[in-house]
Amino acid sequence: MLKISHVSKTFNKGTVNEKKALNDLNLTIEDGDFITVIGGNGAGKSTLLNLIAGVYPPDCGHIVLNQREIALLPEHKRAKFIGRVFQDPLMGTAADMEIAENLSFAARRGQRRTLKWGSTKQEHEKFKKQLAELGLGLEDRLTSKVGLLSGGQRQALTLLMASLQKPELLLLDEHTAALDPLTAKIVLDLTQKIVEADHLTTVMITHNMNDAIRMGNRLIMLYNGKIIYDVRGAAKKALTVEDLHKKFTEAAGTEFSDDRAVLI
Amino acid sequence: MALLFSLEGAIGQGILWGIMALGVYITFRLLDFADLTVDGSFATGAAVSAALIMMGVNPYVTVFVALLSGFAAGAVTGFFNTVCKIPPILAGILSQIGLYSINLMIMGKSNIPLLNSGTMFSNLTDVLPNLGWITPNYLSVICIGVLFVILVIALSYWFFGTELGASIRATGNNANMVRANGVSTNMTTMVALMLSNGLIAMSGALVCQQQGYADVKMGIGAIVMALASIVIGETIFGRKGGYLRRLISIVVGSILYRIIVSVVLQLGLNPDNLKLFTALLVAIALSIPVLLEHSSQKSAYKKLTEAVESVEEKF
């Protein structure tokens, strides 16, 4: 269970570029939840994921993962519990290293790096089977450099890497946004498969409202650093894209009139 | 004949300086960190070795202590970068400048001659036979140099295949991914800088014993010579291929660099202009692949476009 309470984050504090990215946010993620997160640009979606992952610390508030306070824990120490896939397909893998080396590196997530051999023969056999399940033909290319793969292949590989060591929480930051529609679908199906197989607690940001409704058991909408909509179960399944659009306009509308009130 | 002799000398020099280039390779290519500590830590190794030899310490032991002094020098740059968050180039320059004074402190003066003290090389020269085609002097340099280079390449090959070594390589590729997989990039940066400068200082100790003196200025321009060795090796062997091949190509590059230098000096280049020559050599070696790529792209475009147009005209 991940419990986020009273978390705020402001960038460029005290300058003209000051940006309140998250504003006293509270969120409890139950074990086994698969949450899709939607919201406009600058709503705070990525900030939320980055705060959970520890890319930067929150200004205030608690982030508690399975009874452990992690709000100020360095990024690499949290990685022991958290698997991540990024928006940029280049960000999750090391291009100059072989596919097998990348997988071995991820298979040791959260472990001390010793002077033992970095990538062993036994592992390679296991990787071959796991890569075959992706259905992208990567199982025969264990010694190819990752830099030779396409964006979709790299994203699928990153997804596999993130789940090699079963994480307590899987964070997907718009991980199909940079892919063409067909590849995006393959990676999303793969996501569904991996999440279901390992019963992973997952948070997925997406700009695709259909995906947001179709996938997962819970949907939250962010606006101006706050959660303005949180729906789960049957109510979520019954949502339509129109409903979400309406929610968006409603939120934007109230904000607009607030601003006008201030101006007058 | 003079040229041949200078070649024998160049090979030995190239091997000893090649160890420095192997050290620079760790930061320059693997970690992707432009570390300028080199010029300081190379002289530190020499200073430590020379000062200890003057105190009567075994010359081989002094090389080991020089290695440790290089670790320390690298750790200082690592501290500046990882803890103080000073950018890589500036962190290296700060260490380099600071080391200049520290090297003077270690030596007590700006130059320590070792002509009357036994070094690894002079000790070996005394027991080697004269083969005729090579003097014992040059032979000793090559013997000891090859021994150290094999040791360094073997250890380096092993280390960068381990979990820790792979973490360093991954850091040079994608620091983000390294942290996301639970490894501190501060730690990997620190370890890589220490190892790199350790090898550089070790090379400094070897070169100082071979030339028979340590000088506080002997590290100036070392980074450029290392880059020359790396890019010459890459130009000849290519940047592809296994890791072992890359390591060997650097030492070969270092030897070739020394041969080129000795040839141009024989041809009458003023030694004062040597650094300018080296800088130009590195600049040319770095730009040739880019220019070749550009021109081949252009000619391929011309050819393909003409082919397409000629097809069009037929219809």
Side-chain angles (χ1 to χ4, degrees), chain A residues 49-50 53-56 73-98 100-120 123 143 145-148 154 157-158 161-162 164-165 167 170-171 173, chain B residues 25-33 71 78 81-83 85 154-192 194-195 198 230 234 238-247 249:
Chain A
L49 244 58
N50 285 337
V55 177
Y56 31 70
L73 205 64
E75 185 181 359
H76 69 271
K77 287 195 177 153
R78 292 186 212 194
K80 189 171 183 180
F81 324 113
I82 298 173
R84 284 155 77 193
V85 184
F86 309 91
Q87 178 176 2
D88 181 354
L90 308 182
M91 237 161 96
T93 43
D96 285 344
M97 290 166 75
E98 297 167 0
E101 285 180 312
N102 271 275
L103 285 166
S104 296
F105 190 72
R108 289 163 178 72
R109 183 161 49 79
Q111 291 172 13
R112 255 184 82 91
R113 308 295 160 137
T114 65
L115 294 178
K116 276 187 263 177
W117 210 241
S119 187
T120 64
E123 281 180 299
T143 54
K145 298 264 160 78
V146 168
L148 300 171
R154 281 181 82 158
L157 184 65
T158 311
M161 284 165 62
L164 279 179
Q165 277 274 5
L170 179 63
L171 302 179
D173 187 356
Chain B
Y25 178 75
I26 295 175
T27 48
F28 179 61
R29 283 285 189 232
L30 295 183
L31 188 66
D32 197 17
F33 184 115
F71 285 171
N81 179 245
T82 61
V83 180
K85 301 293 173 206
L155 281 175
S156 186
Y157 182 71
W158 161 76
F159 177 75
F160 284 101
T162 64
E163 292 171 357
L164 187 60
S167 307
I168 290 173
R169 284 189 294 141
T171 306
N173 257 261
N174 186 346
N176 226 317
M177 169 260 197
V178 173
R179 285 191 294 272
N181 282 294
V183 178
S184 157
T185 45
N186 284 351
M187 182 275 288
T188 52
T189 304
M190 191 68 144
V191 173
M194 286 174 70
L195 289 177
I230 293 172
E234 280 173 357
R239 280 182 70 173
K240 297 203 176 68
Y243 182 56
L244 192 61
R245 189 183 141 107
R246 295 293 301 271
L247 293 179
S249 83

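In what follows, chains carry the letters A, B, and so on, assigned in the order in which the sequence lines appear, proteins first and then strands, with residues in each chain numbered from 1.
Only the side chain of B/Asn173 has a heavy atom closer than 4.5 Å to any heavy atom of chain A. If you measure heavy-atom distances from A/Lys77 to chain B, you find no contacts under 4.5 Å at all. Of the two parts of A/Ala53, neither the backbone nor the side chain holds a non-hydrogen atom closer than 4.5 Å to a non-hydrogen atom of chain B. At a 4.5 Å heavy-atom cutoff, B/Phe160 makes no contact with chain A through either its backbone or its side chain. With a 4.5 Å cut-off on non-hydrogen atoms, A/Arg112 touches chain B through its backbone but not through its side chain. Contacts of A/Thr93 with chain B are made by backbone atoms alone, with heavy-atom separations under 4.5 Å and no side-chain atom involved.
For the set A/Arg78, A/Glu101, A/Met161, the entry with the most heavy-atom pairs within less than 4.5 Å of chain B is A/Glu101. Ranked by heavy-atom pairs under 4.5 Å with chain A, the list B/Ser167, B/Gly172, B/Ala175 is led by B/Ser167. Your options are B/Asn186, B/Thr185, B/Thr188, B/Asn176, and the one with the most heavy-atom pairs under 4.5 Å with chain A is B/Asn176.
Considering A/Lys116, A/Arg113, A/Arg108 as possible partners of B/Glu163, the one that fulfils the salt bridge (Lys or Arg N to Asp or Glu O under 4.0 Å) test is A/Arg108.
A heavy-atom distance below 4.5 Å is not found between the side chains of B/Tyr243 and B/Arg169. With a 4.5 Å cut-off on side-chain heavy atoms, A/Glu75 and A/Arg84 count as touching.
Between the side chain of A/Arg109 and the backbone N or O of A/Gln165 there is at least one donor-acceptor pair closer than 3.5 Å. Within the 3.5 Å criterion, the main-chain N or O of A/Met91 finds a donor-acceptor partner in the side chain of B/Asn174. A donor-acceptor pair is defined here as one N or O able to donate and one able to accept, closer than 3.5 Å; such a pair exists between the side chain of A/Asn102 and the backbone of A/Ala94.
Shortest non-hydrogen contact noted between B/Gly238 and B/Arg246 is O-CD, 4.4 Å.
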